[in-house]
Every structure is written in C-alpha cells, then in structure tokens.
Visitor: 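This is the structure I have questions about; it appears just below.
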Amino acid sequence: MLALLRPLRILPFAEHYSLTRFCSAFVSRMRYLNMLKENDAACVSALQNGHIFLFHHLIPLLQRSDPGTFRSVALSYSEVQSVLHRSGSDGSLLKESILIGCSEQNQAQFCLDVGELDPAAVAKECKGTFIDLRKAFFLLAGAEAHLVAKAQALLRWHQINRFSGATGQLTHRNQAGSQRVCSSSSIVYYPKMSPVVIVLVSDGKRCLLGRQSSFPIGLYSALAGFCDMGETLEEAVSREVAEEVGLEVQNIIYSSSQHWPFPHSSFMLACHATVSSAHSQLNVDHLELEDARWFTEEEITCALQIKAPPKRVQPTTVWLPPKHAVAHRLIMEWRDSQQRSKGTE
Ligand SMILES: NC(=O)c1ccc[n+]([C@@H]2O[C@H](COP(=O)([O-])OP(=O)(O)OC[C@H]3O[C@@H](n4cnc5c(N)ncnc54)[C@H](O)[C@@H]3O)[C@@H](O)[C@H]2O)c1
Ligand SMILES: [Mg+2]
C-alpha cells in the first residue's frame, strides 16, 4: 500500500529499458514509441537505425513485388542518404522524417516527403514508383496500407500546420513529429482526426446501404457522417440516419474503428443498429445520398462476389466496399449473424 502512495517518478532512460525487459514485446514497443515522442535525442538515434518510407508531395513510394502486387518500401537511413545525394540533395532533408511506428523487429519506422526532389530520379534510385494513395491504399496488404495512410496523414498535418492559427507565427515540431509548438506562445498543436460514425442499419431481415453520386458506379456502403461538436457516438449515429434516410434507429452496438485517410484523416467509429420492420420506410435526403436501399442477405452475398471495382458495371450491378474499409467488416458481420440465426431457426 505504501508503495502505491509514493509519488510518481520519471524513470531515467536506462532504467526505462531495464523495466521494459520484463514486459511483453507489445508493451515494450509501445513504451519505446512513447519515449521517442518525448526524447528528441533518442528519436534521432532511432531514425539512424530505423526504416524510412518515402513520399513525394504526399504520394507514397511503392515497389512491385509479384505481378500485380505491390509493397511499401522501407529504406534504411544510409539508403535514403545515398538516394538524396544522388538526386542532388545534401541529405539535411532526412531530419524532417516523422515517426510513424515500430516494427515487430523493434525497428522504429519513419516517413519523409521528398517533394523538393525529382520524383522520377528518386523512383529510379529506389526501383519503385510513386502511386497516389487513393490507388496505393487498395494495392497494399491491410497493415501496410494503414501504415502508409497514417504516414500520409501525419505528413499532411505538418505541411498545413506550419503556422499557429492563434498567433500567425511559425510553429516548430519535435523530432518525432508528434506535436508542433507555436514559436511566440506556449500553444501546443497535436495531429488531428475528424470523428465519423458509420452504421449498418438492419430491419431484422435486410440491411440498409446507400450511395453518394460521387461514389464509383454501383458502389453501395453503410451510412456515414461526421460527428458534430459535443455529440456522443449514439447521438451522431441517430442523427445521421435520421438526416440521410428519415429513420429512427434503436439498439446501437459498437463494432470496431479505423483510421480512414479519405479525404483527410477520419476516425471511423463503426456500429450496428436496428429499426423495426414496421418502421423501415425510407425517406432519402437526395441532397446527401443519390440512393439508399434495403438489401437481403442473398443480394449481399451476390454483391460480395464482385471484386471492386468491376471493369464493366451494368446499371444493376451492385458492389461493396473493399476489405480495407470498416464498412466491409460491418457488412460481413451482419451477413454472418444472418447466417447464424438461420442455422438456429
Ligand atoms: N472506411 C469506410 O468504410 C467508409 C465508408 C463510408 C464512408 N467513409 C468516409 O466517411 C466520411 C464521412 O461520410 P460522408 O461524406 O457521408 O459524411 P456526411 O454525411 O457528414 O457528409 C459530408 C458533409 O459533412 C460536412 N462536414 C462536417 N464536418 C466535416 C469534416 N470534419 N470534414 C469534412 N466534412 C465535414 C461537409 O459539408 C461534407 O460535405 C467520408 O469521408 C468517407 O470517406 C468511410
Ligand atoms: Mg453521409
């Protein structure tokens, strides 16, 4: 008990590591990353031993692996140094790298935007190609796609937060890039995400999907919307469904969440909700949605067969968000629960 009452003490660097030796590999990695955000010198040293992912004006560098498949390119510090030198830069750009994670091999991961260099020269040096994130995200395997998306989001945040919105003065980043501080006041800025709710509504037998006119032809997804200031998750779900399709939902159940990079860093909070079949008549707001429809389990199973985006879309072809999207997960969860309940009937 006495030990619990002792004031908290900030551990010196060496002691930090001797303690983390007794933790799981995951806990050690998380503590290491957290320490790198606080300690600029340790972060410089981690960069020199870490992996760096390159971008050009926010477009990630990928390498083709097998035909039709791509992977992100993790370069060492010295490899990036030599790419920069051979592309006509003195290498000082490397200190602009931003911490994005830590691999399972305990190697710190960084990203760097080489927007001031010739992209063709860099791509050639790295035997890679710069591919827009809207395409790259779906070419990469899940974990890699999300790491690259996180990197782009952080790079973008730094690029548009060079000045303080309160004082108009320059802001300066810490070495990890986890914050920026106003040079004339003590205001600290942290990277931002916009919370978005996404909900798969069911009437017991069918699920509700909608599409915006800006979606690719035939693509239907779960209803989504940005949270308003001060709202709870449940309030945002109820409001969005009411606004977009004119229904009142019940039984809101949280499923999972994800960071979504399009258009800019949303924090997607995914839920299931229900309406009674007696109150399932849609009243679609066509300013928000081009269409919204109820889908049976058979229609969902059929749409899941179509690997997005189909080359030729017939007017009636419906396809669903790809695996990387949390909407896909909601749809799969709903379909599985329908199949389970059929099995127990
Ligand atoms: N990952 C997935 O599975 C998945 C599926 C569907 C939608 N989404 C994402 O959900 C997001 C929100 O969906 P939506 O477009 O239907 O939202 P929405 O229904 O709230 O409509 C968008 C409108 O909301 C307003 N808005 C309010 N706050 C905003 C903010 N912080 N940023 C931008 N606009 C804001 C703007 O006027 C904008 O035009 C989209 O960015 C979309 O990419 C992700
Ligand atoms: Mg919406």
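We count ligands from 1, going down the list as the structure has it; atoms in each ligand are counted the same way. Keep in mind that what you see is a predicted model, and the values were worked out from it rather than measured.
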Visitor: Touching ligand 1 at all, E243? Heavy atoms, strictly under 4.0 Å?
Guide: no

Visitor: In this structure, are over 12 heavy atoms from other groups packed under 6.0 Å from E248 atom CD?
Guide: no

Visitor: Of all the atoms in ligand 1, which lie at a distance below 4.0 Å from a heavy atom belonging to E288?
Guide: 19 (O)

Visitor: Restricting to N, O or S, what is the name of the atom of E244 that lies nearest the Mg ion (ligand 2)?
Guide: OE2

Visitor: Could you find the nearest protein heavy atom to atom 8 (N) of ligand 1 and give me its residue, atom name and distance?
Guide: M268 CE, 3.7 Å

Visitor: Taking distance alone, with N or O pairs closer than 3.5 Å, would you say V196 contacts ligand 1?
Guide: no

Visitor: Are any of the N/O atoms on E244, whether in the backbone or the side chain, positioned under 3.5 angstrom from an N/O atom of ligand 1?
Guide: yes

Visitor: Do other residues, nucleotides or ligands put more than 12 heavy atoms under 6.0 Å from the CD atom of E298?
Guide: yes

Visitor: Is A224 close enough to the Mg ion (ligand 2) that one of its N, O or S atoms comes in under 2.8 Å?
Guide: yes

Visitor: Give me the nearest non-hydrogen protein atom to atom 28 (N) of ligand 1 as residue plus atom name, then the distance to 0.1 Å.
Guide: F226 CB, 3.4 Å

Visitor: Do any nitrogen or oxygen atoms of A222 come within less than 3.5 Å of a nitrogen or oxygen of ligand 1?
Guide: no

Visitor: I'd like to check whether S266 has a polar contact with ligand 1, where a contact means an N/O of the residue lying under 3.5 Å from an N/O of the ligand.
Guide: no

Visitor: Between E244 (side chain) and V241 (backbone), is there a donor-acceptor pair under 3.5 Å?
Guide: no

Visitor: Taking only heavy atoms of A327 into account, list the atoms of ligand 1 that are under 4.0 Å away from them.
Guide: 3 (O)

Visitor: Would you say that more than 12 heavy atoms from the other residues, nucleotides or ligands in this model lie under 6.0 Å from the NE2 of H85, or not?
Guide: yes

Visitor: State, yes or no, whether a side-chain contact exists between V181 and T171 at a heavy-atom distance under 4.5 Å.
Guide: no

Visitor: Does S76 offer a backbone N or O that forms a donor-acceptor pair with the side chain of E79 under 3.5 Å?
Guide: yes

Visitor: For ligand 1, note which part of Q258 has a heavy atom under 4.0 Å away: side chain, backbone, both or neither.
Guide: side chain

Visitor: Could you check whether the rings of W260 and F137 sit parallel, tilted or perpendicular, using 30° and 60° as the cut-offs?
Guide: perpendicular

Visitor: Check for me whether the distance between the ring centres of F295 and Y220 falls short of 6.0 Å.
Guide: yes

Visitor: Under the 3.5 angstrom rule, does the side chain of R173 hit a backbone N or O of E96 as a donor-acceptor pair?
Guide: yes

Visitor: Could you say whether the N/O atoms of S221 and ligand 1 ever approach to under 3.5 Å?
Guide: no

Visitor: Please list the nearest protein heavy atom to atom 7 (C) of ligand 1 with its residue and the distance rounded to 0.1 Å.
Guide: A224 CB, 3.7 Å

Visitor: When you look for heavy atoms under 4.0 Å from ligand 1, do you find them on the side chain of W260, its backbone, both, or neither?
Guide: side chain

